[in-house]
2 protein chains.
Amino acid sequence: MYLRALTSLADDGTTTCSSEELAASAGVNSAKLRKDLSYLGSYGTRGVGYDVEYLRYQIAREIGVTQDWPVVIVGIGNLGHALANYSGFRSRGFRVVALLDADRDRTGETVAGLDVRAFEDLESIVADNDVSIGVIATPAVAAQSVADRMVAAGITSILNFAPTVLSVPDGVDVRKVDLSIELQILAYHEQRKSVSSEVVS
Amino acid sequence: MYLRALTSLADDGTTTCSSEELAASAGVNSAKLRKDLSYLGSYGTRGVGYDVEYLRYQIAREIGVTQDWPVVIVGIGNLGHALANYSGFRSRGFRVVALLDADRDRTGETVAGLDVRAFEDLESIVADNDVSIGVIATPAVAAQSVADRMVAAGITSILNFAPTVLSVPDGVDVRKVDLSIELQILAYHEQRKSVSSEVVS
DNA sequence: GACGTTTTGTTCTCCCGTTCACAAACTCCT
DNA sequence: AGGAGTTTGTGAACGGGAGAACAAAACGTC
């Protein structure tokens, strides 16, 4: 988040900023921001603030986005399509090296300039490109078996869009994104707004 | 999450379950699950467990997914496309009533069975369908103005996929989803794995 | 009908993240 | 050069969520 805010500031031509400004554009408390940054080192100047470009580089280096991360996406449905085309990945140092789908009818299609390949090619692709991050955009029923296969192929980080809890061995990181849960949270608050206004009226 | 786990159990034909089982399939601690459920009421039976169907209904009622929530999606790029087609919304009680895009060339296209309409129609669509939830899938630069317009039209909950912090008045809820931040978190852990193994070797 | 077993609901404790508040450090102005 | 004004970095206080542990309640068995 800080990295994004800093990039945005740099694009606006800002060369230096205070913790207060940066915190505001990242949407957090300024004390929290300063404490977070202090874990990386002491990159600010008291009385002045932070140098945007310098701090940006330091954060990028720390979280590892200065290097290029090869990524494979499995499941080229609507979501997989969108992910393959998502420019945010490219600009943050992620390179989609392959799109895989179990559906034989899909292999050979071209999406976002990449050929969709057979799921069987997973192992060789991972080995050839030294891939350590995989994205699962398959239906829920397929997710666990895809994850197992990914782990066997040597992938150690998985971003899971399927609405399932994946079980993986220790040492493998999984992060789950569930788009409809976010909507459900909003709906819950909406419901509470309406019931509390009914009580008032 | 619990709702999804319960639905999954119900599909498997399970009629009753313990907090231990449900916690396992939701990926949380059983004590936490029981505490969470206790906020809703006392829907379990000691010595037996929870009735899957009954608990499912109670949770659905509490979080408001028993009713139908109309939703508008603004920005029909790759992501908007995927969201419009995403079946998970429909099955969780969300109904996409309109797709809007500022690009005049896009209006008239049909996506997921809905016509893409001009952004100018926002106010009338919101009023006619009693919409309170909006989804922003536009580029970052457009997001804030779309949000302002949504709020003015009467929308009180926004799901934001654009990589920007939105500022909205009190009483309006915003949730942000940033797909590449999740990947960055994975990349960070990957980097730490590799540096720590270098130290060992 | 009483007792042991199982499982929920709840209390207590611990721990971690967040925020406040202030000293240290730097700049600018006189 | 010195003091006033900023702004960082960090120690201390606060709050809340997560897990352990236990009492209460239901079921089954004899």
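Both backbone and side-chain heavy atoms feed into the values below; hydrogens, waters and symmetry mates do not. Note on naming: letters A, B, ... go to the chains in the order of the sequence lines (proteins, then strands), and numbering restarts at 1 for each one.
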Nearest-nucleotide comparison on DNA chain C, the residue closer to the 5′ end among A:R34 and A:G47:
A:R34

Decide yes or no on ring-ring contact (aromatic ring centres under 6.0 Å, His included) for B:Y43 and B:Y50, but give the supporting numbers first.
CA-CA 7 Å; B:Y43 297 132; B:Y50 299 94; 8.8 Å; no

Distance-only side-chain donor-acceptor flag, A:D115 / A:T110, under 3.5 Å
yes

Hey, is A:K176 close enough to B:E182 for a salt bridge, meaning N to O under 4.0 Å?
no

Applying the side chain to side chain contact (heavy atoms under 4.5 Å, CB included) test to B:I155, which of B:V126, B:V168, B:V135 qualifies?
B:V126

With a 4.0 Å cut-off, would you call B:E120 and B:R104 a salt bridge?
yes

Heteroatom pairs (N/O) under 3.5 angstrom, protein to nucleotides 14-19 of chain D:
residue: D:dA18; atom: OP2; partner: B:K32; partner atom: NZ; Å: 3.0
residue: D:dG19; atom: O6; partner: B:K35; partner atom: NZ; Å: 2.5

Given atom CZ of B:R46 and atom P of D:dA26, what is their separation to the nearest angstrom?
8 Å

Do you know the tightest heavy-atom contact between A:L9 and A:S25?
CD1-OG, 4.5 Å

5' to 3' contact window, DNA chain C with chain B (heavy-atom distance under 4.0 Å)
C:dT6 to C:dC12

Integer-rounded Å distance: D:dT8 C1' and A:L55 CG
12 Å

With a cut-off of less than 4.0 Å, is there a side-chain N or O of A:T45 near OP1 or OP2 of D:dT8?
no

Charged N-O contact under 4.0 Å between B:D51 and B:R56:
no

Heavy atoms of A:A26 and A:Y2 approach each other most closely as CB-CD2, 3.8 Å

A:L37 CG to D:dG9 C1': how many Å, rounded?
11 Å

